Amino acid sequence: MSNFDSIIGYETIKAELRQICDMIHNREVYEKLGAKLPHGVLLYGAPGLGKTSMAKCFILESGINAYTVRRNKADDDFVSEITGIFEKAKKNAPSIVFLDDMDKFANEDECHQDAQEYVAVQAGIDDVKNSD
């Protein structure tokens, strides 16, 4: 039984995520075929559609280390947490960094499009881009 069986519907999305999990578990086979494991997956949609549930199922199905970044601290502490999680994920690779509700990291207006949180996430992504 797959972890994705707990989610009703979304068969196409679940199939794509299962494929990525299969790539994780059978990396050598896919590398021989010239396929590369993606370095990121973006789940998007309106609130309440099950993106977090889908991501949690993906993490369980992948069987690798996972670290969740969720806004639960004040600005400077949150930026430090983001940086720390990316460092921990790189140290314990292969890993998944799950950016939960990323749209809530900073205000959505144009004045905050370069908010510290987004800069820290981008720096973290840049730092781990050649890692597992």
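Everything numeric in this text was worked out from a predicted model, so none of it was measured.
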What pairs of residues pass the salt bridge (Lys or Arg N to Asp or Glu O under 4.0 Å) test when at least one of them lies in residues 27-36, not counting sequence neighbours? Arg27-Glu31, Arg27-Asp132
Output all residues satisfying side-chain contact (heavy atoms from CB on, under 4.5 Å) with Val128, sequence neighbours left out; order by chain, then residue number. Phe86, Lys90, Ser131
Got a sec, which residues hit side chain to side chain donor-acceptor pair (under 3.5 Å) with Asn26, two or more places apart in sequence or on another chain? Asp22
Please list all pairs meeting salt bridge (Lys or Arg N to Asp or Glu O under 4.0 Å) that have one or both residues in residues 41-66, counting only residues at least two apart or in different chains. none
Do Arg18 and Asp5 pass the salt bridge (charged side-chain N to carboxylate O under 4.0 Å, His left out) test, and can you show the C-alpha distance, the side-chain angles, and the key distance before you say yes or no? CA-CA 11 Å; Arg18 281 187 182 110; Asp5 292 340; 3.4 Å; yes
How about Ile8: does its CD1 atom have over 12 heavy atoms from other parts shown lying under 6.0 Å from it? no
By side chain to side chain donor-acceptor pair (under 3.5 Å) - contacts of Thr52 (at least two apart): Asp100
What is the minimum heavy-atom distance between Ile85 and Thr68, and which atoms define it? CD1-O, 3.4 Å
Which atom names give the shortest non-hydrogen contact between Cys57 and Ser6, and what distance separates them? SG-OG, 3.6 Å
Remaining members of Tyr10's ILVMFWY cluster at a side-chain heavy-atom cut-off under 4.5 Å? Phe4, Ile7, Ile13, Leu17, Ile20, Met23, Ile24, Tyr30, Leu37, Val41, Leu43, Leu49, Met54, Phe58, Ile59, Ile64, Ile96, Phe98
Return the set of residues passing side chain to side chain donor-acceptor pair (under 3.5 Å) with Glu81 (not counting sequence neighbours), or none when no residue passes. Lys73
What distance do Phe78 atom CZ and Thr83 atom OG1 have between them, rounded to the nearest 0.5 Å? 10.0 Å
Who are the salt bridge (Lys or Arg N to Asp or Glu O under 4.0 Å) partners of Asp126, not counting sequence neighbours? none
Do you know the tightest heavy-atom contact between Val79 and Ala120? CG1-CB, 3.9 Å
Any non-hydrogen side-chain atom of Glu16 less than 4.5 Å from a side-chain atom of Gln19? no
